[in-house]
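What follows is a short report on a single structure.
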Amino acid sequence: MLQRLGLVVEGELVGTWSVAASRQEILSRLQGFTELLAHPRHLIAEAVGIDETSAGLHHVPSGEGTARSELIDGIAHRFANLRAGHALRCALTGKSGIGKSRLAAMFAHTHRHAYDRVCWIDSESEASVHASVISQRHTLGLAGQEKRAIRELAESFRESIATSPGRWLVVFDNARTPADIEQWLPNTGSAHVLMTSNNEVAWSAFSPIEVRRMTDEQAFSMLRSRLETDDPTAEITPAEVKIINRFGGWPLALQLVAAHFHSLPALTLGVETYLAQISDYVIDDPELDHDGYPRTLQAAIHMCLDRLATRAESGDIAAVDACKMLTIGSIFASHAIPDVLLYSVASSPVPSIHENRGYPIPVEEKDLPKASRAIHRIRTESLVDRSISADEKTPMPLRAQVEINEIIQTIIRNRENVATLIDSTAHHLSTYLDFYLQNERYTEAILIQPHALSVLGYSTAVLHELAAPESCATLAGNQAVFLDIQGRSAEATPWLEFEMTFLRHAPHHSHRLIAKTSNQLILNKIRLGRPRSDILPHAMDGIQALEESVQAGDLNWEGGTVVAGITQWLDIAIGRAEFAGSHEPDIQDLKNRCQRLAEIFPTDETFRKIPMGSINSLIKSDRDEEALAIIEATLDTMPTLEHHHRLALSATRLETLAYLRRFDELSANLDRFVADLDMNPLVRAGIDANLINTGNALTTALIFGKFSEAAPILDRILTVCRPMLISDYHKWCHAVLSAAAASFRNDREGVRRILAVYAAELPASIPDTVWTIGMFEYLLRWLKFWLECADSGQQARLIEGNPLGPGSVPDPSGKETRAMFMRVSKDDRARLPELGHYSACRQQDCGSSRRIIELRHPESNAPFAWIEYGIPERVQNIEAKAIGDYLDSFATIVLTTSDNDDSGTLAVFSD
């Protein structure tokens, strides 16, 4: 801080001397000079405030260039409402290369002192926005959140802006439509939001400014600033006039002209020849009509590309590499292209990846000068801009980045065979993405994700032309894996189906990839809660592909993983069918085929080390202690870097501890789980189901009015679980559990609101992994009863009864009647009101062996308790189907606290 204060004071003194030197009258009077030095006593605080403004400006591109003051003033005018209680917005619209991004950068730099924070976001795609926010997380106050799912990160981004005491400038550069960035747009807080977009019709609600060509004066200023000349202030030359008249003030075109000539003397000598070549292009090439872009601009781009190609043909190695990099870059996203990645893809043939055992080919240090020379060659033609990422956390190989204007990318793609480009590029990118995912280097994966998505986007148009569609299939699959890990399974599904489409079009039928993709689709749709009819076709495809692999003698691969994955789902499906009392011969046939395949393909090492199937079977059999022992032993030996499996097992441990009602251990393990999740928040897949089950177990313990220590744990579980929810079914379960949690806090309106809005209807489909929803139906019924009690001024009670058997007692009128004696605990009996007798009514069966009797006040009919009970102990030789009828045959029950006491409180059924 002292160093900063010193710099501020030094700056103020330099400024003071400069002012004094320009005003002789001050120097002539000592008093005048001392008055100039005597700033107010708050100088330091104010100066430090100025010095700390515009944090994040280093992420903004250069603001140098020709001033277009009328447009800069227009932006400032739209942000001039100081009384606005919400974020102010403005959109710069116009064609690619017209100068929108440079204008936004100029505004950010020239008005930097008006803002405490400046944020520049590449908005070409959602993946680009995500990567930009991650790279600026420290400026944005989001440090430590780089691994969060996009939805959560967007919420934190908006919240950070809304709660900041300072003023923000947020620039969304190159946005497509408002809908594409909607979840990131700040609505509250002191924020000015500036968009740039090629879409000239979608931004009418954002105070748009249409960016058009430069005026002649501005065009001259820009052209002259980029040409070497002995006298920059000299009058405009005829050659410059001809250029300005021909290109009409289009900034990108003027940059290309300056790059072609480099100097004003060269322009003067060669302008006629150059313009003649432009005319030849314009006249001879009908393909230059492209979406409103002037033919002259496109001709200038073509001439730069031709000149670079000619140098490459002459043996210029840098030009050869530059041409390859530009060509590959044309199918990448236009912004933030790591130049080392671009050079690696352009210079490493696909066979070299196979020779490197499927690992990405790194750019060796000795080759870095080659990459730099190639980038320099492209920059001299003004075909790319280069920058260094200001994020120190970004790995060095990915920090140097280039940007290629979209119209330049379009023209390059029109000159090249896009299918050939995609074949090789997809293979490289899939290798990089797989490497980053396998090593859980998610920050790097996020940075290359926009480019992977861009390549996949172009591949759809040339699907039938691809020589190696399996490369795109693998890239799509890796993209889906990344999304699934993040808990974004709904977004992963289209990419998996996309992958399967590519595999079916592959010239060589890949049994391996089809089997693996089928297994991924099964897991994906289980997480989304899809019904059996959606999952079964993928199981059939996977088993068929495995069998074809056996027939082909292709056994040396990870087929055991696929067999185990499909078998797990088949076991679930068979178990559910048995629970429902049905027989599924098709499912059983698939299981038999899987068992035969399991004898051929060895079990994957991961399945041996992490026996999730065995653990889940033990939990379903109520053998929770045994399951917990296996979980603890597995976690003790698990490698530190296996975050995905560790978190899944840790979540299962929480569920098991909840079933065992070991709440102190559960609370301590929940602390560790949340800390682990915060360190690895991108790992979400499958965890929501375990947390829902944990919440269910806690709720079951709490509704009996016992184990109050479980209530705060339930609240924490629901909070942790909320952002992870994937399927509609689990969202519904979460709503029901949240209503239950509200009831434990005696929040009557909270319960009513949740039930009315969120839990009123069952989801349209129940996941195939869910055998029954009886417990949640039971809980819903209890919550409605709880509300009725609360509305009547009564405390709802749930007590456990144990039917002892029949007996004879006098009813309230003194008449002897046949009754069922029901034992309750002394504590539960003490919780019931002291009345001569109660009114009782039976509740419908909840789909289990447990039954419910509702107790009400005999006069007011106000409800106050549920008695839950099972099969009577003294009843012998009664078949299960007849038990219900037997229990319903009694008109009276007697609540007693002893097995041998024939006295107690009567409850007479009103029905």
Side-chain angles (χ1 to χ4, degrees), residues 61-69 71-72 95-103 105-106 109 211-282 293-311 316 318-319 322 326 373 375-387 402-405 407-408 411:
S62 170
E64 296 180 359
T66 300
R68 302 173 74 175
S69 56
L71 295 173
I72 298 292
K95 299 294 184 185
S96 178
I98 202 67
K100 304 179 298 299
S101 298
R102 183 55 57 92
L103 276 169
M106 283 183 174
H109 285 281
V211 181
R212 300 182 180 180
R213 303 179 189 222
M214 288 178 160
T215 64
D216 288 350
E217 182 179 353
Q218 292 168 345
F220 165 66
S221 175
M222 179 180 182
L223 183 60
R224 178 62 65 87
S225 68
R226 289 176 172 265
L227 291 170
E228 295 179 7
T229 178
D230 294 334
D231 185 5
T233 62
E235 293 292 324
I236 187 171
T237 64
E240 290 168 308
V241 171
K242 291 177 181 179
I243 290 295
I244 292 168
N245 289 339
R246 193 73 173 98
F247 290 96
W250 203 286
L252 177 58
L254 297 173
Q255 292 176 36
L256 295 171
V257 171
H260 181 90
F261 289 104
H262 299 296
S263 69
L264 183 56
L267 172 64
T268 302
L269 291 173
V271 65
E272 296 295 345
T273 302
Y274 181 79
L275 291 178
Q277 292 174 324
I278 291 288
S279 296
D280 289 341
Y281 258 109
V282 170
Y293 288 93
R295 285 185 164 212
T296 50
L297 167 64
Q298 296 178 69
I301 295 171
H302 276 287
M303 289 175 62
C304 283
L305 295 171
D306 289 345
R307 188 164 55 253
L308 198 58
T310 300
R311 290 178 178 173
D316 184 331
L326 266 180
R373 283 193 292 272
I375 292 292
H376 177 73
R377 182 74 76 234
I378 305 172
R379 290 185 69 195
T380 58
E381 299 290 346
S382 283
L383 293 171
V384 300
D385 287 326
R386 194 187 195 207
S387 61
V402 297
E403 174 184 332
I404 309 175
N405 197 284
I407 184 60
I408 295 176
I411 288 174

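Note: hydrogens, waters and symmetry copies are ignored here, and every other heavy atom, side chains too, is used.
Residues Ser62 and Ala105 approach most closely at O-CB, 3.6 Å, considering heavy atoms. Across all non-hydrogen atoms, the minimal contact from Leu227 to Phe261 is CD2-CB, 4.4 Å. The two residues Met222 and Pro251 come nearest to each other via the heavy atoms CE-O, 3.4 Å. In plain terms, the two heavy atoms of Pro294 and Trp250 that are nearest each other are CD-CZ3, 3.4 Å. Between Ser382 and Leu252, the closest heavy-atom pair is O-CD1, 4.4 Å.
The distance from the CG atom of Asn405 to the CG atom of Asp385 is 8.5 Å, given to the nearest 0.5 Å. Of the inter-residue distances, the one linking Gln298 atom CD with Leu256 atom CG reads 11.5 Å to the nearest 0.5 angstrom. Once rounded to the nearest 0.5 Å, the distance linking CZ of Arg377 with CG of Asp316 reads 4.0 Å. Rounded to the nearest 0.5 Å, atoms CG (Leu254) and OG (Ser221) are 10.5 Å apart. Arg213 contributes atom CZ, which lies 10.5 Å from atom CZ of Phe247 (distance to the nearest 0.5 angstrom). Note that the CD1 atom of Ile236 and the CD1 atom of Ile244 stand 4.0 Å from one another [nearest 0.5 Å].
The backbone N or O of Thr237 lies less than 3.5 Å from no partner atom in the side chain of Lys242, so there is not a single donor-acceptor pair. Without hydrogens or angle criteria, His302 side chain to Ile278 main chain gives no donor-acceptor distance under 3.5 Å. Side chain of Arg226 to backbone of Ala259: no donor-acceptor contact under 3.5 angstrom is found. The main-chain N or O of Leu264 is found under 3.5 Å from a side-chain atom of Thr268 such that the two form a donor-acceptor pair. Of the possible donor and acceptor atoms, none in the side chain of Arg373 sits under 3.5 Å from a partner among the backbone N and O of Ala322.
Between Val384 and Ile408, every side-chain heavy-atom pair lies at or beyond the 4.5 Å cut-off. Looking at heavy atoms from C-beta onward, Val257 lies out of side-chain contact with Arg246 at the 4.5 angstrom threshold. Using a 4.5 Å heavy-atom threshold, the side chains of Leu103 and Ile72 count as touching.
Counting only N and O atoms by type, the side chains of Arg102 and Thr66 include no donor and acceptor under 3.5 Å apart. Side-chain N/O atoms of Thr229 and Asp231 include no donor and acceptor closer than 3.5 Å.
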Show your reasoning for whether side-chain contact (heavy atoms from CB on, under 4.5 Å) applies to Tyr293 and Ile98. CA-CA 10 Å; Tyr293 288 93; Ile98 202 67; over 6 Å; no
Derivation and outcome, side-chain contact (heavy atoms from CB on, under 4.5 Å), residues Leu297 and Lys95: CA-CA 12 Å; Leu297 167 64; Lys95 299 294 184 185; over 6 Å; no
Run the side-chain contact (heavy atoms from CB on, under 4.5 Å) test on His109 and Glu64 for me, step by step, so that the C-alpha distance in whole Å, both residues' side-chain angles and the decisive distance to 0.1 Å come before the verdict. CA-CA 9 Å; His109 285 281; Glu64 296 180 359; over 6 Å; no
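Ring geometry for His260 against Tyr274 counts as tilted: the plane angle lies between 30° and 60°, on a 0 to 90° scale.
Heavy atoms of other residues, nucleotides or ligands lying less than 6.0 angstrom from CZ of Arg212 number 12 at most. Remark: His262 NE2 is packed, more than 12 non-hydrogen atoms of other residues, nucleotides or ligands lying under 6.0 Å away.
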